[in-house]
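Heads up: the structure comes next, in structure tokens.
Chain naming here is simple, since letters A, B, ... match the order of the sequence lines and numbering starts at 1 in each.
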Amino acid sequence: MSRYSAAEIEAKWQEAWDRAGIFRATHTDDKPKYYVLEMFPYPSGRIHMGHVRNYTMGDVIARYKMATGHNVLHPMGWDAFGMPAENAAMAIGGHPKTWTYDNIADMRGQMKPLGLSIDWSREFATCDPEYYGQQQALFLDFLEKGLVYRKNAVVNWDPVDMTVLANEQVIDGKGWRSGAEVERRELTQWFFKISDFSEELLEALDGLDNWPAKVRLMQENWIGKSRGIEIPFHRTDGGDPVVCYSTRPDTMRGASFIAISPEHPLSRELAENNADLAAFIAETRKMDTTEAAMEKAEKKGLDTGITVKHPVWPEVELPVWVGNFVLMDYGTGAVFGCPAHDQRDLDFARKYGLDVRNAFYMPGDETEVENDALVPVKSEKVTYIDHFADIGEVTSQEGIDATIDWFEAKDLGTGQVKYRLRDWGLSRQRYWGCPIPVVHCDDCGVVPEKKENLPVELPDDVTFDIPGNPLDRHPTWRDCSCPKCGKPAKRETDTMDTFVDSSWYFARFTAPRAETPTEMAEAKYWMNVDQYIGGIEHAILHLLYSRFFARAMHITGHLPSTAIEPFDALFTQGMVTHEIYQTRDGNGRPVYHLPEDVTDGKLVDGTEVEIIPSAKMSKSKKNVVDPVNIISAYGADTARWFVLSDSPPERDVEWTASGAEAAFKHLSRVWNLCDRIGAMDAGTKGEGDEDLLREMHKTIRDVTLGVESFGFNAAIARLYAFTNVLSKSKAGHAAQKQAIMTLAQLMSPMTPHLSEDIWAHQGGEGLIVNAPWPQADEAMLVDQSITLPIQINGKRRAEIAVPPDMDEAEVEKTALATDAVVKALDGAQPKKVIVVPGRIVNVVI
RNA sequence: GCGGGCGUGAUGGAAUGGUAGACAUAUCAGACUUAAAAUCUGAAGGCCGAAUGGCCGUGUGGGUUCGAGUCCCACCGCCCGCACCA
């Protein structure tokens, strides 16, 4: 008897697939195409279990689709620009380019043993000049269509990475990568006009039926549509009115002050002749250097001395304050305060002694409140009658809309739809990114580089000994001639946000060597991505940007109109987690230990470790298992099998040594079964052939369903169960052989190497990867006898064995004849008998 | 604060409104072995019982239904996303 040797068979079959060029995708019309894509990795240098899980899921889909007659595209590339390469260059010397390409080579080497069905001929890295040159071409086309523009803006500045961050990249006031508190700076930057697409990006979410509802909802919230109204408040001194934005004009009656942003033009204007105000504005600016501080900062304000008239009751005058809490870049930078119905406004009003006025009265509340009366705040949600608009009850968005209409009808304001989504700032003051292909000319201003001069390549001779952007201080790289007038000019030294790189790579895979960003015929054929798989952490940024890019690429003629939603189906998989093992050093600080150094809760020297519940694998906590070690210990099939088993794919899966061990044991068992069946005499007759084959067909049905619905864990459980049946089966050789070959096929998306080997051992024709997916025989799915539970008043009391086609009346008769029912009825008639064919009988007494 | 999700054995989890706990881990027992590992066989939600069996059981409390882990309402707990957004 031979032993299951993963190392041997995995290398062998990978070579066989390579030789046959099985995974190379070619454009043919004789089969339906299927494009499966996993979010491409950042080349950090090591693959981790998260990668293994992600790519294994994609591989299961890809291989299943191949077996079901699809022309599959399953590519892989590298999201290769970004800070870590520069950080490495700063920390250990060397060049980001060398570091990155070395890492790519390493990771490719670690990935290939997984036996993924990837078309490596399409591989590229975003830092290849062939790729980013096409990205520059896209940029120029976007520029021409007004999809990208330059403006002066207050931006998020990461003082550690020394670069600008998009709003989306600021999390809790900190840089998403560096974790440094983000400052606000005013700079001239490039922006994608994603905000023009707010409504479309929002509306189209409805069509993304095969996206997780959660992701759609997150995008919806991020786009943040709100309907409100802009209302001019006329100044008592005759100056330009102060226009406020509100989504709750129904609270207008409770308005008791106006607050404008320190960055509001009026604030700036007034500050010129008001030293106190100038000081206040300067102070808020200083205070507001970090977003985090802003969130916690006390609400502060300063009275400008200006007053405005209430739009509905002009006799009521409201003071205008400058408030540090008013954002200039949302709405109009000016709001009216309604302290009676807003906690923040109330805090502000109390602090500065401003009025608190009730805006509504409760139904049934007989006492009408005077305009300027101070009333207690009603905290409960109220159904209220609006005082100034004769529009009845205002309880919902419809009521608010009616209020807006009322204001518009009286010419007191203009209804406005606003979005939270801002334009996407893409300029980064970094070296290791795609250069923005424009030139600054003293005479012509900002001039796009000519397409024939693309790619604008990054210079290799740069150093990272001082912080900042090496392109800025490069002696010659900046020098160029103006594409327009030919005079000496300077290149832009900012590079693009790396999210740009990942916003269109899926399209590039359809024609990775094209001389243009895409080739329409290829894009039309392969797009959209039929199944996209990746982490939930990209629910907003990457996926929203990609959706914008697909639209922009359509407008610029790089994608067909059918591809503006690039991902037909999205699946967000959970993480791979592991327990954390820690001890304490002399000062009580935690010291972490690698799982491989811990046995039975103890270190080699016998020290007991503290076990902290499972968390995302992270190097700093040392709760990592290196896929390379797992593959060399057990083989890729074991790793693949285990990351798919146990937990539903969308949930986290905990890596445990015993689980990995169990996966390996199971594969060995299947291998041994194959051996056992191979050793049987071909003519051997046995017992229970039909039972085995029935079970086999049910397994085909269940596993097929499982694979199609991302129920990989359930599919695997079913395969375990069938293996158990097969190993105990006394069936004859022919039936057992059929069973093991089908088992191998059903396992092949998950354990392709083992499956190939079994197939070959059993004399299967060709490669299993080319074999069509087994079909469940309907006739074999029906048992000759089924067991029906009998309930009495909803509690299970007995069961009967009946033929599956027995009619309901007969089933009822049989059920009523069982001892338990006869006894319970005690001669009486049942009130009701419910027969659910094939499932259950319930006798109601 | 707003929005969303989830609560099932010791553990991961399974279950189109129809026998709750499939499958796996850990555990226990047995076989094989001088022994261990490996392998194989079996037990196992809780309580009562020698047993046939009975009662209870999917966070808590109600409801709908012949029948609820699943649907509805309220509450408790945990997780995630968003947020000086007017």
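- Residue contacts for A:S645: at a heavy-atom cut-off of 4.0 Å it reaches no nucleic acid atom on any strand shown.
- Taking only side-chain nitrogens and oxygens, A:N713 comes nearer than 4.0 Å to OP1 or OP2 of B:A14.
- Note on A:R420: every side-chain N or O is 4.0 Å or more away from OP1 and OP2 of B:C82.
- The side chain of A:R796 places no N or O atom within less than 4.0 Å of a non-bridging phosphate oxygen (OP1 or OP2) of B:G54.
- Residues A:Y4 and A:F664 place their aromatic rings such that the two centres sit under 6.0 Å apart.
- B:G9 takes the syn form, because its glycosidic angle lies no more than 90° either side of 0.
- Residues meeting the salt bridge (charged side-chain N to carboxylate O under 4.0 Å, His left out) test with A:R669, sequence neighbours left out: none.
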Please tabulate the protein-to-nucleotide N/O contacts below 3.5 Å involving nucleotides 63-68 of chain B, giving atom names and distances.
residue : atom : partner : partner atom : Å
B:C66   : O2'  : A:N842  : ND2          : 3.1
B:C66   : O2   : A:N842  : ND2          : 2.6

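- Taking atom C1' on both B:A15 and B:G42, the two are 25 Å apart, rounded to the nearest angstrom.
- Of the side-chain N and O atoms in A:K418, none sit less than 4.0 angstrom from OP1 or OP2 of B:C85.
- A centroid separation of less than 6.0 Å is found between the aromatic rings of A:H666 and A:Y720.
- Looking at A:F348, A:W321, A:F233 one by one, the single match for ring-ring contact (aromatic ring centres under 6.0 Å, His included) with A:F257 turns out to be A:F348.
- Residues A:F499 and A:W424 keep their aromatic ring centres 6.0 Å or farther apart.
- Contact check, A:K795 against B:C56: a side-chain N or O comes under 4.0 Å of OP1 or OP2.
- Nucleic acid contact for A:D345: none, since no nucleic acid atom lies under 4.0 Å from a heavy atom of the residue.
- Nucleotides B:A10 and B:G63, compared at atom C1', are 34 Å apart to the nearest Å.
- One finds no side-chain N or O of A:N672 lying less than 4.0 angstrom from the OP1 or OP2 phosphate oxygen of B:C40.
- As rounded to whole Å, 11 Å separates atom C1' of B:G3 from atom CE of A:M218.
- Looking at heavy-atom distances under 4.0 Å, A:K225 makes no contact with the nucleic acid at all.
- On a pure distance criterion of 3.5 Å, no polar donor-acceptor pair joins the side chain of A:R669 and the base of B:C40.
- Nucleic acid contact for A:R797: sugar-phosphate only, since backbone atoms but no base atoms lie under 4.0 Å from a heavy atom of the residue.
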Taking Watson-Crick and G-U wobble contacts under 3.5 angstrom, with | marking pairs to another strand and [ ] crossing pairs, the secondary structure of RNA chain B is written (((((((..(((.....[....))).(((((.......))))).((((....))))..(((((..]....))))))))))))....
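- For the OP1/OP2 pair of B:A22 and a distance below 4.0 Å, the side-chain nitrogens and oxygens of A:Y720 include no atom meeting the criterion.
- Side-chain proximity of A:A717 to the nucleotides B:G4, B:C23, B:C80 is greatest for B:C23.
- Among the heavy atoms of the strands, none lies under 4.0 Å from A:A714.
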